[in-house]
Amino acid sequence: MLLKKYDIIVVGAGHAGCEAASAAATLGSSVLLITMNMNLIAQMSCNPSIGGVAKGQIVREIDALGGKTGIVTDETMIQFRMLNRSKGPAMWSPRAQCDRMKFSEKWRSILEKNSNVDFWQDSVKTIIIKNNKVTGLETNLGIKIFSKAVILANGTFLNGIMHIGEKNFRGGRMGENSSLGITESLIKAGFITERLKTGTPVRVDGRTIDFKKLEEQKGDTIPGKFSFTKTNVLQKQKSCFLAYTNIEVHGILKGGFEKSPLFKGIIKGRGPRYCPSIEDKIVRFAEKNRHQLFIEPEGWDTVEYYINGFSSSLPGEVQIKALRKVNGFEKAKIFRPGYAIEYDYFPPTQLKTTLETKKVENLFFAGQINGTTGYEEAAAQGLIAGINAHNKLKNRPNFILSRSEAYIGVLIDDLITKGVDEPYRMFTSRAEYRILLRQDNADLRLTKKGYDLGLITKKRMLDCEKKQDIITRLIYFLKNETISPSKINDFLRSVETPDISQKTKIANLLLRPQIDIFSLLRHSIELQNFLKTNNIRSNEILEQAEIHIKYQSYIEKESEIADKITRLEDIVLLSDINYIKIKSLSIESREKLNKIKPRTIGQASRISGVSPADITVLLVYLGK
């Protein structure tokens, strides 16, 4: 059997693979998407949600660039919440519960409607490399398929081993085989590989949960969206719930430690620090008498619930016995136990900024193969890999986002510069410029870039420019329009902030923490008329104008710092520099610089072990 030669083959149809295939195909490359199971495209292997702290910002950035994860989320969500509303806008993070099955169906539909995407159900066993350049691959069926580039987005499937108590078996996730052969072929090509671990909790039959004993967690009264396109607004929502473990639960779990693969040393891979298993939690936080559990529905038309926070690799009987001691779960029945999975990954310091490997030309890695965890981080890498694979084949410039432009830029820079020794998860604290990289302004930051790439339509670009113009005019109005004491003082007293004695600019009142633009709108006929005249109905536009006014000094200061740092990013380091010969550098610096081969002075400055003195030496070496 002979398949045609493709521009790009994408291996793995998870969140990274789907975004990679969609982006490359939309840009015009012929793409073959290979997956072990066509029915599980974009499967939500772990919890049925998208977004969350920092992750929500990434999804909005993906959407602004022309990716599809935000659209799929909007079309399949069953609940929406904006997290961290009590904090500053840099911390606001959208999160949605999704219908797991509809999410997969929607992604498959999007890919099938793209005529440049072909599909092949099979497992890949060998990557074909000639003269340090990828030329295709061979599948388990013995079929050789040739291409100009390959993107590996294998998730947890590379030599995956699942653990439930003392039992372990090969698999990439429950019910699916692991992928054998890819790691070995890459090791032969000179790549370094290591092991990581992740896990998942029990899935429970909702008909056996006593929800009256749990704390209901409803969605936002006015639900938001992820996509900046005209996707449907959620009309009804399904609640999540909160439950808590207790001392009795912990005691039962501890009783199973003697059969725990984690504590017996059977599991060698390092797990995620910020999403540990329940048995790991009760050891690391022994002083705590309870841990919070999030009870999340899997969809509109199913009784299955995901018990977020109860991830475990203990024997199944221990898991269910402990779970039934949680209030509300006394009669719980489970659909399947939790399990841990170990898998191969390739330390991402072996990658260029484009996510192309340094050792093999036109071979790209995206997702958990790079040591990340989370659908959102994977999808972002897939999008960037898909764009850069296409651009490389068409002799177009590399597409690289800086740390001051996007969370996606922070993610990739962290991976290739610092590497990982545990599953990498994005947090707002990882971004130095988070007041610039808010979720609300992702379209204003990135839509033009998506348009220049060819992933965004001209109409969408013009709509974004129009939005920016309206926001600018609204800010000008707020800074110049006044409001009189007689119209506003009663309101000011009601929110316990001082009266005004003379006409005051609306913007000056917005600087007060007790006041928001929606409150002022009710007391300012002038503002109401401005919005009506300019046909402004979007709360998002009002919110962005308010954020700009309230945080203008912070935004300007952060922009100034980012501009200074960007100067270091503009100083390029050639890839053929032999740092070992620069004796003025420290020994550690020479070794790490030679290994990572940073692209710029800015990237070099972020490598652990490279000191400011070493950066000065490099600037002198470059004659700067």
Side-chain angles (χ1 to χ4, degrees), residues 10 12-26 31 33 35 37-52 55-81 93-114 116-117 119 153 155 219 223-235 237-238 296-302 306 366-367 374-387 408 439 442-443 446-447 450 455-457 460:
V10 178
H15 304 268
C18 286
E19 285 289 5
S22 176
T26 301
V31 176
L33 181 59
T35 176
N37 191 335
M38 287 282 293
N39 295 321
L40 297 176
I41 287 174
Q43 171 80 342
M44 300 181 110
S45 309
C46 205
N47 58 323
S49 70
I50 290 289
K55 293 169 176 281
Q57 283 87 328
I58 288 176
V59 176
R60 295 212 103 193
E61 290 176 353
I62 290 169
D63 183 76
L65 288 168
K68 306 299 184 189
T69 297
I71 292 172
V72 174
T73 301
D74 286 354
E75 297 293 342
T76 62
M77 73 167 75
I78 61 178
Q79 189 197 80
F80 180 93
R81 293 176 65 220
S93 301
R95 185 182 189 275
Q97 289 296 132
C98 293
D99 186 305
R100 181 192 298 277
M101 289 176 280
K102 285 183 170 57
F103 188 94
S104 180
E105 290 169 7
K106 181 64 180 178
W107 247 122
R108 178 166 174 168
S109 173
I110 286 173
L111 291 168
E112 287 182 346
K113 287 175 182 175
N114 192 321
N116 284 333
V117 179
F119 302 85
K225 304 192 309 170
F226 278 91
S227 180
F228 295 100
T229 63
K230 290 180 169 54
T231 50
N232 295 325
V233 176
L234 195 59
Q235 298 300 316
Q237 301 190 66
K238 201 165 184 176
E296 304 176 359
E298 297 266 5
W300 289 115
D301 303 315
T302 178
Y306 178 93
Y375 310 140
E376 303 82 3
E377 291 89 341
Q381 293 170 71
L383 177 65
I384 299 302
I387 291 168
I408 296 173
Q439 57 82 30
D443 57 337
L446 300 173
T447 300
L455 290 173
I456 294 288
T457 64
R460 184 171 171 185

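Here the structure is a predicted model, which is why all the values come from computation and not from measurement.
Going from atom OG1 of T26 over to atom CG of N116 covers 8.0 Å, rounded to the nearest 0.5 Å. Distance check: Q79 CD to M77 CE gives 10.0 Å after rounding to the nearest 0.5 Å. K106 NZ to T73 OG1: the interatomic distance, rounded to the nearest 0.5 Å, is 11.5 Å. Atom CG of residue N39 and atom CE of residue M101 lie 13.0 Å apart, to the nearest 0.5 angstrom. How far OG of S93 is from CZ of R81: 11.5 Å, rounded to the nearest 0.5 Å. If you take CZ on F103 and CD on Q43, they are separated by 10.5 Å, rounding to the nearest 0.5 Å.
No option in R60, E19, E376 other than E19 meets the side chain to side chain donor-acceptor pair (under 3.5 Å) test with T69. Partner of I78 under the side-chain contact (heavy atoms from CB on, under 4.5 Å) criterion, chosen from E298, E296, Q237, Q97: Q97.
Nearest heavy-atom pair, P48 versus P297, reported as atom, atom and distance to 0.1 Å: CG-O, 3.6 Å. Contact record, A21 with L111: CB-CD2, 4.3 Å, taken as the closest heavy-atom pair. Summarising the geometry of R95 relative to G51, their closest heavy-atom pair is CG-C, 4.0 Å, with the distance given to 0.1 Å. Closest approach of G386 and A24 over heavy atoms only: O-CB, 3.7 Å. Here the shortest heavy-atom pairing between A380 and I58 reads CB-CG2, 3.8 Å. When all heavy atoms of G17 and A153 are compared, the pair lying nearest together is N-CB, 3.6 Å.
Between D99 and K238 there is no salt bridge, since none of the side-chain N atoms of the basic residue sits less than 4.0 Å from a carboxylate O of the acidic one. A salt bridge links R460 to D63: one of the charged nitrogens lies within less than 4.0 Å of a carboxylate oxygen.
A heavy-atom distance below 4.5 Å is found between the side chains of Q235 and V233. Within the 4.5 Å cutoff, side-chain heavy atoms of N232 are placed close to those of E75. Taking the side chain as every heavy atom from C-beta outward, I50 and V72 never approach each other to under 4.5 Å. When side chains are defined from C-beta on, V10 counts as touching V31, because their heavy atoms get closer than 4.5 Å. Counting only heavy atoms from C-beta outward, the side chains of C18 and I41 approach each other to under 4.5 Å.
If you check the side chains of T231 and K225, you find a donor sitting under 3.5 Å from an acceptor.
With Y375 contributing its side chain and A42 its backbone, the two residues share no donor-acceptor pair below 3.5 Å. In this structure a side-chain-to-backbone donor-acceptor pair under 3.5 Å is missing from K68 to W107. Between the side chain of T447 and the backbone N or O of D443 there is at least one donor-acceptor pair closer than 3.5 Å.
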Take L455 and I387 through the test side chain to side chain contact (heavy atoms under 4.5 Å, CB included) and record every step on the way to the result.
-> CA-CA 9 Å; L455 290 173; I387 291 168; 3.8 Å; yes
Criterion side chain to side chain contact (heavy atoms under 4.5 Å, CB included) on F119 and R108, from CA distance to verdict = CA-CA 10 Å; F119 302 85; R108 178 166 174 168; 5.6 Å; no
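Note: F226 and F80 have perpendicular aromatic rings, judged against thresholds of 30 and 60 degrees for the angle between ring planes.
Qualifying ring-ring contact (aromatic ring centres under 6.0 Å, His included) partners for Y306, counting only residues two or more places apart in sequence or in other chains: none.
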